[in-house]
Amino acid sequence: MNPVVEKLELAEPHLANWLSTLGLDVEYVRSGGNTLFYRRADGTEIPVLDLVGGYGSVVLGHNNPEIVAYAKSLLDGGTPVHAQFSRHPYANDLAWKINGIIHREFGDPEPYSAIFANSGAEANEVAVKHAELDRVLKLAELLEGVAAHAEEARAAVGTGARLEVSAEALAALGVEGDPAQEGGEGIERVLAAVDRVNAERAGAAPVFLAPEGSFHGKLIGSVQFTHNPGYRTPFTALAARCRFVDVSRPEALTEAIDEERRSLFDLRAEDGTVRVVERELPVIGAFLLEPIQGEAGIRVFDRETARRIQDACATADIPIVVDEVQSGMGRSGAFFAASHIGLRGDYITLAKSLGGGIAKAGLTLVRGSRYRTDFELVHSSTYAKDSFSTLIAAKTVDLLEADDGKAYRLAETRGNQLLAVLEGLRKEFGDIVADVRGRGLMLGLEFHDQSGSTSEIIREQAGAGLLGYLLSGYLLRVHSLRIFPTASATNTLRFEPSVYLTDEEIARTEAGLRGLIAVLREQDGETLLHG
Ligand code: F0G
(Lines give C-alpha, C1' and ligand atoms only; values in the text may rest on other atoms or scores of the structure.)
Protein backbone atom coordinates (compact mmCIF):
# COMPACT_ATOMS: atom_id res chain seq x y z
CA MET A 1 0.00 0.00 0.00
CA ASN A 2 1.12 3.55 -0.64
CA PRO A 3 2.81 4.61 2.65
CA VAL A 4 1.50 8.18 2.40
CA VAL A 5 -2.07 7.00 2.01
CA GLU A 6 -1.55 4.60 4.89
CA LYS A 7 -0.64 7.47 7.22
CA LEU A 8 -3.72 9.54 6.44
CA GLU A 9 -5.95 9.78 9.50
CA LEU A 10 -9.43 8.95 8.28
CA ALA A 11 -11.23 8.20 11.53
CA GLU A 12 -12.26 11.58 12.88
CA PRO A 13 -8.90 13.30 12.31
CA HIS A 14 -10.07 16.67 13.56
CA LEU A 15 -11.03 15.22 16.94
CA ALA A 16 -7.69 13.39 17.16
CA ASN A 17 -5.80 16.64 16.50
CA TRP A 18 -7.78 18.50 19.09
CA LEU A 19 -7.17 15.76 21.68
CA SER A 20 -3.45 15.98 20.97
CA THR A 21 -3.36 19.72 21.68
CA LEU A 22 -4.53 18.96 25.23
CA GLY A 23 -2.42 15.83 25.65
CA LEU A 24 -5.48 13.60 25.63
CA ASP A 25 -4.54 11.63 22.51
CA VAL A 26 -3.36 8.47 24.22
CA GLU A 27 -4.25 5.06 22.89
CA TYR A 28 -5.56 2.72 25.54
CA VAL A 29 -4.50 -0.84 24.89
CA ARG A 30 -6.01 -2.69 27.83
CA SER A 31 -8.55 -2.19 30.60
CA GLY A 32 -9.79 -3.85 33.75
CA GLY A 33 -11.75 -2.66 36.79
CA ASN A 34 -11.28 1.10 37.11
CA THR A 35 -8.03 1.09 35.16
CA LEU A 36 -7.22 1.81 31.54
CA PHE A 37 -3.66 1.24 30.30
CA TYR A 38 -2.00 3.25 27.55
CA ARG A 39 1.34 2.50 26.01
CA ARG A 40 4.12 5.06 25.88
CA ALA A 41 6.40 5.35 22.85
CA ASP A 42 9.04 3.27 24.71
CA GLY A 43 6.52 0.44 25.06
CA THR A 44 5.78 0.76 28.79
CA GLU A 45 2.17 0.51 29.84
CA ILE A 46 0.87 3.34 31.98
CA PRO A 47 -2.15 2.62 34.21
CA VAL A 48 -4.77 5.36 34.38
CA LEU A 49 -7.54 5.54 36.97
CA ASP A 50 -10.72 5.85 34.92
CA LEU A 51 -13.13 8.10 36.76
CA VAL A 52 -15.28 8.67 33.66
CA GLY A 53 -16.19 4.99 33.63
CA GLY A 54 -17.09 4.86 29.94
CA TYR A 55 -19.38 7.85 30.52
CA GLY A 56 -21.43 5.61 32.76
CA SER A 57 -21.21 2.34 30.84
CA VAL A 58 -18.99 0.30 33.17
CA VAL A 59 -20.81 0.35 36.51
CA LEU A 60 -19.28 -3.10 37.19
CA GLY A 61 -15.85 -2.11 35.91
CA HIS A 62 -14.03 -2.50 32.62
CA ASN A 63 -13.91 -6.10 31.46
CA ASN A 64 -15.63 -7.38 34.57
CA PRO A 65 -14.19 -10.91 34.89
CA GLU A 66 -17.55 -12.60 35.45
CA ILE A 67 -19.12 -10.86 32.47
CA VAL A 68 -16.09 -11.60 30.29
CA ALA A 69 -16.15 -15.28 31.30
CA TYR A 70 -19.85 -15.43 30.53
CA ALA A 71 -19.36 -13.71 27.15
CA LYS A 72 -16.64 -16.22 26.30
CA SER A 73 -18.88 -19.14 27.25
CA LEU A 74 -21.65 -17.78 25.05
CA LEU A 75 -19.34 -17.47 22.08
CA ASP A 76 -17.71 -20.84 22.74
CA GLY A 77 -21.16 -22.38 22.89
CA GLY A 78 -22.06 -20.91 19.48
CA THR A 79 -24.83 -18.67 20.79
CA PRO A 80 -27.20 -17.81 17.91
CA VAL A 81 -26.51 -14.08 17.76
CA HIS A 82 -28.69 -13.62 14.72
CA ALA A 83 -32.02 -15.38 14.87
CA GLN A 84 -34.56 -12.73 14.04
CA PHE A 85 -38.19 -13.81 13.67
CA SER A 86 -37.89 -16.65 16.13
CA ARG A 87 -38.59 -17.07 19.84
CA HIS A 88 -36.30 -15.12 22.17
CA PRO A 89 -37.05 -16.49 25.66
CA TYR A 90 -33.93 -14.76 27.06
CA ALA A 91 -35.37 -11.39 26.03
CA ASN A 92 -38.52 -12.22 27.93
CA ASP A 93 -36.44 -13.29 30.95
CA LEU A 94 -34.57 -9.99 30.97
CA ALA A 95 -37.84 -8.07 30.67
CA TRP A 96 -39.24 -9.99 33.68
CA LYS A 97 -36.10 -9.43 35.73
CA ILE A 98 -36.32 -5.68 35.14
CA ASN A 99 -40.07 -5.69 35.76
CA GLY A 100 -39.38 -7.30 39.13
CA ILE A 101 -37.03 -4.42 39.95
CA ILE A 102 -39.60 -1.84 38.82
CA HIS A 103 -42.14 -3.50 41.08
CA ARG A 104 -39.72 -3.45 44.02
CA GLU A 105 -38.40 0.10 43.56
CA PHE A 106 -41.62 1.86 42.53
CA GLY A 107 -44.23 -0.40 44.09
CA ASP A 108 -45.77 -0.51 40.63
CA PRO A 109 -47.18 -3.92 39.70
CA GLU A 110 -48.19 -2.89 36.17
CA PRO A 111 -45.97 -4.79 33.73
CA TYR A 112 -43.80 -2.91 31.24
CA SER A 113 -43.32 -4.31 27.75
CA ALA A 114 -39.76 -4.35 26.44
CA ILE A 115 -38.45 -3.18 23.07
CA PHE A 116 -34.77 -3.81 22.39
CA ALA A 117 -32.28 -1.41 20.83
CA ASN A 118 -28.53 -0.96 20.42
CA SER A 119 -27.71 2.37 22.05
CA GLY A 120 -29.07 5.02 24.38
CA ALA A 121 -30.06 7.44 21.63
CA GLU A 122 -31.86 4.61 19.87
CA ALA A 123 -33.70 3.51 23.03
CA ASN A 124 -34.96 7.08 23.44
CA GLU A 125 -35.98 7.29 19.81
CA VAL A 126 -37.88 4.03 20.22
CA ALA A 127 -39.76 5.58 23.15
CA VAL A 128 -40.55 8.70 21.15
CA LYS A 129 -41.51 6.71 18.09
CA HIS A 130 -43.84 4.54 20.17
CA ALA A 131 -45.34 7.62 21.83
CA GLU A 132 -45.97 9.07 18.38
CA LEU A 133 -47.67 5.87 17.20
CA ASP A 134 -49.84 6.01 20.31
CA ARG A 135 -50.65 9.67 19.59
CA VAL A 136 -51.61 9.15 15.95
CA LEU A 137 -53.72 6.11 16.82
CA LYS A 138 -55.51 8.15 19.51
CA LEU A 139 -55.95 10.95 17.01
CA ALA A 140 -57.42 8.55 14.47
CA GLU A 141 -59.88 7.25 17.10
CA LEU A 142 -60.79 10.84 17.93
CA LEU A 143 -61.38 11.70 14.26
CA GLU A 144 -63.50 8.58 13.81
CA GLY A 145 -65.65 9.78 16.69
CA VAL A 146 -65.91 13.23 15.13
CA ALA A 147 -67.01 11.65 11.81
CA ALA A 148 -69.69 9.61 13.60
CA HIS A 149 -70.89 12.71 15.45
CA ALA A 150 -71.08 14.58 12.11
CA GLU A 151 -73.47 11.94 10.81
CA GLU A 152 -75.57 12.22 13.95
CA ALA A 153 -75.64 16.02 13.62
CA ARG A 154 -76.66 15.82 9.97
CA ALA A 155 -79.48 13.41 10.82
CA ALA A 156 -80.61 15.55 13.77
CA VAL A 157 -80.78 18.71 11.66
CA GLY A 158 -82.69 16.69 9.01
CA THR A 159 -85.32 15.91 11.62
CA GLY A 160 -85.61 19.53 12.76
CA ALA A 161 -82.86 20.04 15.36
CA ARG A 162 -81.59 23.59 15.79
CA LEU A 163 -78.00 24.40 14.81
CA GLU A 164 -76.09 26.54 17.29
CA VAL A 165 -72.56 27.76 16.51
CA SER A 166 -70.82 30.46 18.55
CA ALA A 167 -69.37 33.50 16.79
CA GLU A 168 -65.86 32.41 17.88
CA ALA A 169 -66.31 28.94 16.38
CA LEU A 170 -67.68 30.43 13.14
CA ALA A 171 -64.63 32.68 12.93
CA ALA A 172 -62.21 29.82 13.65
CA LEU A 173 -63.97 27.68 11.07
CA GLY A 174 -64.00 30.48 8.51
CA VAL A 175 -67.75 30.12 8.00
CA GLU A 176 -69.51 33.27 6.83
CA GLY A 177 -73.12 34.26 7.26
CA ASP A 178 -75.38 32.44 9.71
CA PRO A 179 -75.58 28.72 8.94
CA ALA A 180 -78.14 28.30 11.74
CA GLN A 181 -80.69 29.99 9.47
CA GLU A 182 -79.93 27.81 6.46
CA GLY A 183 -81.28 24.38 7.50
CA GLY A 184 -79.70 21.46 5.58
CA GLU A 185 -77.34 23.72 3.65
CA GLY A 186 -76.11 25.37 6.86
CA ILE A 187 -75.09 22.10 8.53
CA GLU A 188 -73.29 21.00 5.35
CA ARG A 189 -71.28 24.22 5.29
CA VAL A 190 -70.37 23.76 8.97
CA LEU A 191 -69.44 20.10 8.49
CA ALA A 192 -67.23 20.91 5.50
CA ALA A 193 -65.47 23.62 7.49
CA VAL A 194 -65.03 21.31 10.51
CA ASP A 195 -63.49 18.68 8.23
CA ARG A 196 -61.11 21.16 6.66
CA VAL A 197 -59.97 22.79 9.91
CA ASN A 198 -59.68 19.44 11.71
CA ALA A 199 -57.59 17.95 8.89
CA GLU A 200 -55.24 20.91 9.08
CA ARG A 201 -54.92 20.78 12.88
CA ALA A 202 -54.62 17.00 13.07
CA GLY A 203 -51.84 17.08 10.49
CA ALA A 204 -49.66 19.41 12.57
CA ALA A 205 -46.39 17.96 13.85
CA PRO A 206 -46.30 16.99 17.53
CA VAL A 207 -44.23 18.87 20.06
CA PHE A 208 -42.21 17.29 22.85
CA LEU A 209 -41.23 18.75 26.20
CA ALA A 210 -38.04 18.35 28.20
CA PRO A 211 -36.33 20.21 31.04
CA GLU A 212 -33.64 22.73 30.15
CA GLY A 213 -30.24 21.05 30.08
CA SER A 214 -31.59 17.69 28.86
CA PHE A 215 -29.37 15.25 26.98
CA HIS A 216 -30.97 12.30 25.25
CA GLY A 217 -28.57 11.39 22.47
CA LYS A 218 -27.29 12.67 19.16
CA LEU A 219 -29.30 10.88 16.48
CA ILE A 220 -31.62 12.88 14.26
CA GLY A 221 -34.63 12.55 16.56
CA SER A 222 -32.96 12.40 19.96
CA VAL A 223 -30.67 15.36 19.31
CA GLN A 224 -33.78 17.56 19.22
CA PHE A 225 -34.37 16.62 22.86
CA THR A 226 -30.79 17.51 23.68
CA HIS A 227 -30.77 21.10 24.88
CA ASN A 228 -27.21 22.06 23.90
CA PRO A 229 -27.77 24.27 20.82
CA GLY A 230 -24.40 23.36 19.31
CA TYR A 231 -25.52 19.74 18.94
CA ARG A 232 -29.15 20.46 18.16
CA THR A 233 -29.73 23.53 16.04
CA PRO A 234 -28.08 22.52 12.74
CA PHE A 235 -30.59 19.66 12.59
CA THR A 236 -33.85 21.22 13.73
CA ALA A 237 -35.37 20.88 10.26
CA LEU A 238 -35.03 17.09 10.40
CA ALA A 239 -37.20 16.15 13.36
CA ALA A 240 -40.01 17.02 15.73
CA ARG A 241 -39.66 20.13 17.85
CA CYS A 242 -38.88 20.00 21.55
CA ARG A 243 -39.74 22.81 23.91
CA PHE A 244 -37.34 23.13 26.84
CA VAL A 245 -38.86 24.05 30.16
CA ASP A 246 -37.25 25.58 33.24
CA VAL A 247 -38.83 23.06 35.61
CA SER A 248 -37.33 24.77 38.67
CA ARG A 249 -40.09 27.38 38.22
CA PRO A 250 -43.17 25.62 39.66
CA GLU A 251 -45.68 26.91 37.12
CA ALA A 252 -43.42 26.65 34.04
CA LEU A 253 -44.54 23.20 32.93
CA THR A 254 -48.29 23.84 33.12
CA GLU A 255 -47.75 27.14 31.30
CA ALA A 256 -45.85 25.36 28.52
CA ILE A 257 -48.53 22.66 28.27
CA ASP A 258 -51.29 25.28 28.12
CA GLU A 259 -49.48 27.22 25.41
CA GLU A 260 -48.95 24.14 23.26
CA ARG A 261 -52.49 22.78 23.67
CA ARG A 262 -54.56 22.52 20.49
CA SER A 263 -58.18 21.55 19.92
CA LEU A 264 -60.34 19.95 17.26
CA PHE A 265 -63.95 20.77 16.41
CA ASP A 266 -66.67 18.26 17.05
CA LEU A 267 -70.48 18.34 16.89
CA ARG A 268 -72.83 17.31 19.61
CA ALA A 269 -76.54 16.68 19.02
CA GLU A 270 -78.47 16.91 22.27
CA ASP A 271 -82.00 17.91 23.32
CA GLY A 272 -83.00 19.10 19.84
CA THR A 273 -79.88 21.24 19.39
CA VAL A 274 -76.71 20.60 17.40
CA ARG A 275 -73.71 22.42 18.85
CA VAL A 276 -70.11 22.83 17.71
CA VAL A 277 -67.78 21.96 20.58
CA GLU A 278 -64.02 21.78 20.92
CA ARG A 279 -62.12 18.63 21.84
CA GLU A 280 -58.54 18.33 23.06
CA LEU A 281 -56.19 17.35 20.24
CA PRO A 282 -53.27 15.23 21.43
CA VAL A 283 -50.36 17.33 20.22
CA ILE A 284 -47.75 16.94 22.97
CA GLY A 285 -45.97 13.67 22.21
CA ALA A 286 -44.15 13.14 25.50
CA PHE A 287 -42.20 14.74 28.29
CA LEU A 288 -38.62 13.43 28.40
CA LEU A 289 -36.25 13.76 31.33
CA GLU A 290 -33.20 12.32 33.04
CA PRO A 291 -33.79 11.83 36.78
CA ILE A 292 -30.19 12.94 37.25
CA GLN A 293 -29.17 15.16 34.38
CA GLY A 294 -25.75 14.06 33.19
CA GLU A 295 -24.60 16.35 30.42
CA ALA A 296 -26.15 19.42 32.04
CA GLY A 297 -23.50 19.11 34.75
CA ILE A 298 -24.84 16.34 37.07
CA ARG A 299 -28.06 17.84 38.34
CA VAL A 300 -30.32 15.75 40.55
CA PHE A 301 -34.07 16.32 40.35
CA ASP A 302 -35.84 16.48 43.70
CA ARG A 303 -39.03 14.75 44.78
CA GLU A 304 -41.10 17.93 44.67
CA THR A 305 -40.12 18.72 41.07
CA ALA A 306 -40.81 15.11 40.11
CA ARG A 307 -44.26 15.29 41.69
CA ARG A 308 -45.09 18.51 39.84
CA ILE A 309 -43.98 16.99 36.53
CA GLN A 310 -45.94 13.81 37.20
CA ASP A 311 -49.10 15.76 38.13
CA ALA A 312 -48.93 18.15 35.17
CA CYS A 313 -48.35 15.31 32.69
CA ALA A 314 -51.09 13.12 34.21
CA THR A 315 -53.61 15.98 34.00
CA ALA A 316 -52.87 16.54 30.31
CA ASP A 317 -52.38 12.79 29.59
CA ILE A 318 -48.80 13.32 28.42
CA PRO A 319 -46.57 10.24 28.68
CA ILE A 320 -43.32 10.65 30.59
CA VAL A 321 -40.12 9.18 29.18
CA VAL A 322 -37.62 8.61 31.99
CA ASP A 323 -34.17 8.37 30.45
CA GLU A 324 -32.07 6.17 32.74
CA VAL A 325 -29.40 5.61 30.11
CA GLN A 326 -26.75 7.25 32.28
CA SER A 327 -28.33 7.33 35.74
CA GLY A 328 -29.76 3.80 35.72
CA MET A 329 -28.26 0.34 36.27
CA GLY A 330 -27.46 0.93 39.92
CA ARG A 331 -25.17 3.94 39.67
CA SER A 332 -27.34 6.13 41.89
CA GLY A 333 -27.55 3.57 44.70
CA ALA A 334 -30.76 2.03 43.31
CA PHE A 335 -31.32 0.32 39.97
CA PHE A 336 -33.40 3.28 38.79
CA ALA A 337 -32.37 6.79 39.86
CA ALA A 338 -36.02 7.83 39.37
CA SER A 339 -37.00 5.56 42.26
CA HIS A 340 -35.29 7.94 44.73
CA ILE A 341 -37.78 10.65 43.78
CA GLY A 342 -40.83 8.49 43.15
CA LEU A 343 -40.93 9.38 39.46
CA ARG A 344 -42.81 6.69 37.54
CA GLY A 345 -42.25 6.77 33.82
CA ASP A 346 -44.60 5.62 31.11
CA TYR A 347 -41.42 4.81 29.24
CA ILE A 348 -38.07 3.98 30.81
CA THR A 349 -34.93 3.73 28.74
CA LEU A 350 -31.69 1.93 29.55
CA ALA A 351 -28.39 1.51 27.70
CA LYS A 352 -24.72 2.17 28.59
CA SER A 353 -24.09 -0.23 31.54
CA LEU A 354 -26.95 -2.48 30.39
CA GLY A 355 -24.43 -4.22 28.14
CA GLY A 356 -22.10 -4.83 31.08
CA GLY A 357 -19.48 -2.62 29.45
CA ILE A 358 -19.00 -5.24 26.75
CA ALA A 359 -22.07 -5.54 24.55
CA LYS A 360 -23.97 -2.74 22.84
CA ALA A 361 -27.48 -2.86 24.20
CA GLY A 362 -30.41 -0.53 24.68
CA LEU A 363 -33.86 -1.17 26.09
CA THR A 364 -37.13 0.74 26.04
CA LEU A 365 -39.73 -0.23 28.61
CA VAL A 366 -43.32 0.76 27.90
CA ARG A 367 -45.99 0.82 30.57
CA GLY A 368 -48.59 -1.86 29.79
CA SER A 369 -51.56 0.49 29.69
CA ARG A 370 -49.87 2.58 26.98
CA TYR A 371 -48.37 -0.27 24.99
CA ARG A 372 -49.40 -0.60 21.34
CA THR A 373 -48.73 -4.06 19.95
CA ASP A 374 -48.82 -2.57 16.42
CA PHE A 375 -45.42 -1.10 17.21
CA GLU A 376 -43.84 -4.55 16.91
CA LEU A 377 -44.85 -4.65 13.25
CA VAL A 378 -43.27 -1.32 12.37
CA HIS A 379 -40.06 -1.35 14.37
CA SER A 380 -36.98 -3.57 14.39
CA SER A 381 -33.21 -3.47 14.19
CA THR A 382 -30.87 -6.24 13.03
CA TYR A 383 -28.78 -6.63 16.18
CA ALA A 384 -31.45 -5.61 18.70
CA LYS A 385 -32.58 -8.42 21.05
CA ASP A 386 -29.73 -10.63 19.85
CA SER A 387 -28.79 -13.47 22.16
CA PHE A 388 -25.29 -12.19 22.95
CA SER A 389 -26.15 -8.66 24.13
CA THR A 390 -29.43 -9.69 25.75
CA LEU A 391 -27.90 -12.52 27.76
CA ILE A 392 -25.02 -10.30 28.83
CA ALA A 393 -27.53 -7.64 29.90
CA ALA A 394 -29.34 -10.27 31.98
CA LYS A 395 -26.04 -11.36 33.52
CA THR A 396 -25.25 -7.74 34.37
CA VAL A 397 -28.64 -7.31 36.04
CA ASP A 398 -28.03 -10.53 37.99
CA LEU A 399 -24.65 -9.25 39.19
CA LEU A 400 -26.23 -5.97 40.30
CA GLU A 401 -28.97 -7.81 42.15
CA ALA A 402 -26.64 -10.39 43.73
CA ASP A 403 -26.17 -10.51 47.51
CA ASP A 404 -29.37 -8.64 48.09
CA GLY A 405 -28.32 -5.69 45.94
CA LYS A 406 -24.78 -5.32 47.27
CA ALA A 407 -23.78 -3.34 44.16
CA TYR A 408 -26.39 -0.65 44.92
CA ARG A 409 -25.10 -0.36 48.48
CA LEU A 410 -21.56 -0.10 47.15
CA ALA A 411 -22.62 2.63 44.71
CA GLU A 412 -24.08 4.55 47.61
CA THR A 413 -21.27 4.09 50.14
CA ARG A 414 -18.41 4.49 47.63
CA GLY A 415 -20.23 7.48 46.15
CA ASN A 416 -20.70 9.07 49.56
CA GLN A 417 -17.04 8.61 50.32
CA LEU A 418 -15.99 10.27 47.07
CA LEU A 419 -18.61 12.96 47.62
CA ALA A 420 -17.15 13.71 51.06
CA VAL A 421 -13.72 14.22 49.47
CA LEU A 422 -15.15 16.54 46.82
CA GLU A 423 -17.16 18.43 49.44
CA GLY A 424 -13.99 18.81 51.50
CA LEU A 425 -12.22 20.35 48.51
CA ARG A 426 -15.08 22.74 47.94
CA LYS A 427 -14.97 23.88 51.54
CA GLU A 428 -11.21 24.27 51.52
CA PHE A 429 -10.89 25.88 48.08
CA GLY A 430 -14.14 27.79 47.60
CA ASP A 431 -12.29 30.28 45.39
CA ILE A 432 -11.63 27.52 42.82
CA VAL A 433 -14.40 24.95 43.36
CA ALA A 434 -17.88 26.37 42.81
CA ASP A 435 -20.11 23.38 43.60
CA VAL A 436 -20.33 19.65 44.17
CA ARG A 437 -23.43 17.72 43.10
CA GLY A 438 -24.77 14.28 42.46
CA ARG A 439 -25.85 11.04 43.97
CA GLY A 440 -24.15 7.67 44.36
CA LEU A 441 -21.50 7.25 41.70
CA MET A 442 -22.75 10.04 39.47
CA LEU A 443 -21.00 13.11 40.85
CA GLY A 444 -20.02 16.48 39.47
CA LEU A 445 -17.33 18.93 40.61
CA GLU A 446 -17.91 22.40 39.22
CA PHE A 447 -15.08 24.89 38.91
CA HIS A 448 -15.51 28.64 38.94
CA ASP A 449 -15.45 30.33 35.57
CA GLN A 450 -11.88 31.09 34.50
CA SER A 451 -12.54 33.30 31.50
CA GLY A 452 -11.04 36.25 33.40
CA SER A 453 -7.87 34.30 34.24
CA THR A 454 -4.51 36.09 34.28
CA SER A 455 -3.12 33.19 32.24
CA GLU A 456 -3.73 33.54 28.52
CA ILE A 457 -3.91 29.76 28.09
CA ILE A 458 -6.58 29.35 30.77
CA ARG A 459 -8.47 32.44 29.60
CA GLU A 460 -8.58 31.19 26.01
CA GLN A 461 -9.69 27.66 26.83
CA ALA A 462 -12.29 28.89 29.32
CA GLY A 463 -13.53 31.46 26.80
CA ALA A 464 -13.97 28.69 24.22
CA GLY A 465 -15.98 26.65 26.74
CA LEU A 466 -13.19 24.08 27.01
CA LEU A 467 -11.89 24.65 30.54
CA GLY A 468 -12.88 21.13 31.65
CA TYR A 469 -10.91 19.56 28.81
CA LEU A 470 -7.82 21.60 29.71
CA LEU A 471 -8.14 20.32 33.29
CA SER A 472 -8.67 16.76 32.00
CA GLY A 473 -5.46 16.91 29.97
CA TYR A 474 -3.47 17.98 33.02
CA LEU A 475 -5.01 15.31 35.26
CA LEU A 476 -4.26 12.60 32.71
CA ARG A 477 -0.66 13.61 31.96
CA VAL A 478 0.44 14.56 35.46
CA HIS A 479 -1.73 12.41 37.73
CA SER A 480 -2.79 9.50 35.48
CA LEU A 481 -6.44 10.28 36.20
CA ARG A 482 -9.02 10.08 33.45
CA ILE A 483 -11.79 12.63 34.07
CA PHE A 484 -13.88 14.55 31.58
CA PRO A 485 -16.32 17.40 31.83
CA THR A 486 -20.01 16.94 31.18
CA ALA A 487 -20.86 17.66 27.54
CA SER A 488 -22.94 20.79 28.02
CA ALA A 489 -21.46 22.18 31.24
CA THR A 490 -17.75 22.06 30.63
CA ASN A 491 -16.71 23.65 33.95
CA THR A 492 -18.05 20.53 35.65
CA LEU A 493 -15.94 17.38 35.87
CA ARG A 494 -17.95 14.16 36.08
CA PHE A 495 -17.16 11.16 38.23
CA GLU A 496 -18.76 7.88 37.18
CA PRO A 497 -16.37 5.11 38.23
CA SER A 498 -17.46 1.55 38.92
CA VAL A 499 -18.85 0.33 42.24
CA TYR A 500 -15.46 -1.28 42.92
CA LEU A 501 -13.80 2.09 43.54
CA THR A 502 -11.27 1.54 46.33
CA ASP A 503 -10.14 3.80 49.18
CA GLU A 504 -6.74 3.96 47.53
CA GLU A 505 -8.32 5.11 44.26
CA ILE A 506 -10.30 7.78 46.10
CA ALA A 507 -7.07 8.94 47.76
CA ARG A 508 -5.34 9.15 44.35
CA THR A 509 -8.29 11.14 43.05
CA GLU A 510 -8.02 13.57 45.93
CA ALA A 511 -4.26 13.98 45.48
CA GLY A 512 -4.69 14.69 41.76
CA LEU A 513 -7.46 17.20 42.38
CA ARG A 514 -5.36 18.95 45.02
CA GLY A 515 -2.57 19.19 42.47
CA LEU A 516 -4.99 20.63 39.94
CA ILE A 517 -6.38 23.17 42.38
CA ALA A 518 -2.87 24.31 43.31
CA VAL A 519 -2.03 24.87 39.62
CA LEU A 520 -5.28 26.76 39.09
CA ARG A 521 -4.57 28.93 42.13
CA GLU A 522 -1.21 29.75 40.59
CA GLN A 523 -3.00 30.46 37.31
CA ASP A 524 -0.32 28.30 35.76
CA GLY A 525 -1.72 27.69 32.28
CA GLU A 526 1.61 26.41 31.01
CA THR A 527 1.54 23.47 33.43
CA LEU A 528 -2.12 22.74 32.64
CA LEU A 529 -1.35 22.54 28.94
CA HIS A 530 2.16 21.08 28.88
CA GLY A 531 3.02 19.95 32.43
N1 F0G B 1 -29.35 9.58 27.32
C2 F0G B 1 -28.47 10.04 28.22
C3 F0G B 1 -28.98 10.52 29.54
C4 F0G B 1 -27.09 10.07 27.92
O5 F0G B 1 -26.23 10.53 28.81
C6 F0G B 1 -26.68 9.60 26.67
C7 F0G B 1 -25.27 9.62 26.28
C8 F0G B 1 -27.63 9.11 25.78
C9 F0G B 1 -28.95 9.11 26.13
C10 F0G B 1 -27.23 8.57 24.46
O11 F0G B 1 -26.70 7.31 24.60
O12 F0G B 1 -24.48 7.47 23.48
O13 F0G B 1 -25.60 5.25 23.85
O14 F0G B 1 -26.50 6.86 22.18
N15 F0G B 1 -24.41 10.23 26.87
C16 F0G B 1 -23.01 10.26 26.47
C17 F0G B 1 -22.27 11.04 27.46
C18 F0G B 1 -22.80 10.79 25.13
O19 F0G B 1 -21.54 11.93 27.11
O20 F0G B 1 -22.44 10.73 28.62
P21 F0G B 1 -25.77 6.69 23.45
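Keep in mind that what you see is a predicted model, and the values were worked out from it rather than measured. Just so you know, ligand 1 is whichever comes first in the structure, and atom 1 is the first atom listed for that ligand.
If you check which protein heavy atom lies closest to atom 8 (C) of ligand 1, you get V325 CG1, 3.8 Å. For atom 4 (C) of ligand 1, the closest non-hydrogen atom of the protein is F215 CD2, 3.6 Å. When only non-hydrogen protein atoms are considered, atom 1 (N) of ligand 1 lies nearest to D323 OD2, 2.7 Å. Scanning the protein for heavy atoms near atom 21 (P) of ligand 1, the closest one is G120 N, 3.5 Å.
Side-chain N/O atoms of N34 and D50 include no donor and acceptor closer than 3.5 Å. Donor-acceptor pairing under 3.5 Å is lacking for the side chains of S20 and N17.
Taking every non-hydrogen atom of Q326 and a distance limit under 4.0 Å, the qualifying atoms of ligand 1 come out as 4 (C), 5 (O), 20 (O). Listed by atom number, the atoms of ligand 1 under 4.0 Å from N124 heavy atoms are 1 (N), 9 (C). Residue contact check: E290 has heavy atoms under 4.0 Å from atoms 3 (C) of ligand 1. For ligand 1, the atoms closer than 4.0 angstrom to any heavy atom of A121 are 10 (C), 11 (O), 14 (O), 21 (P).
Inside a 4.0 Å radius of atom 12 (O) of ligand 1 there is not any protein heavy atom.
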Would R307 and D311 count as a salt bridge (Lys or Arg N to Asp or Glu O under 4.0 Å) if you check the C-alpha gap in whole Å, the side-chain angles of each, and the deciding distance to 0.1 Å?
-> CA-CA 6 Å; R307 193 194 50 76; D311 288 352; 2.7 Å; yes

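Within the structure, the closest approach of E324 to ligand 1 does not fall below 4.0 Å when heavy atoms are considered. Within the structure, the closest approach of Q293 to ligand 1 does not fall below 4.0 Å when heavy atoms are considered.
In this structure, K218 forms a cation-pi arrangement with Y231, its terminal cationic atom sitting closer than 6.0 Å to the ring centre and no more than 45° off the ring axis.
Ring centroids of F225 and F208 are separated by less than 6.0 Å, placing the two rings close together. For H479 and Y474, the ring centers are positioned less than 6.0 Å apart.
When the heavy atoms of E125, K360, K352, E295 are ranked by distance to atom 16 (C) of ligand 1, first place goes to K352.
Within the 4.5 Å cutoff, the side chain of R414 has heavy atoms near those of the I506 side chain.
Residues in residues 295-350 take part in these ring-ring contact (aromatic ring centres under 6.0 Å, His included) pairs, two or more places apart or across chains: F106-F336, H130-Y347.
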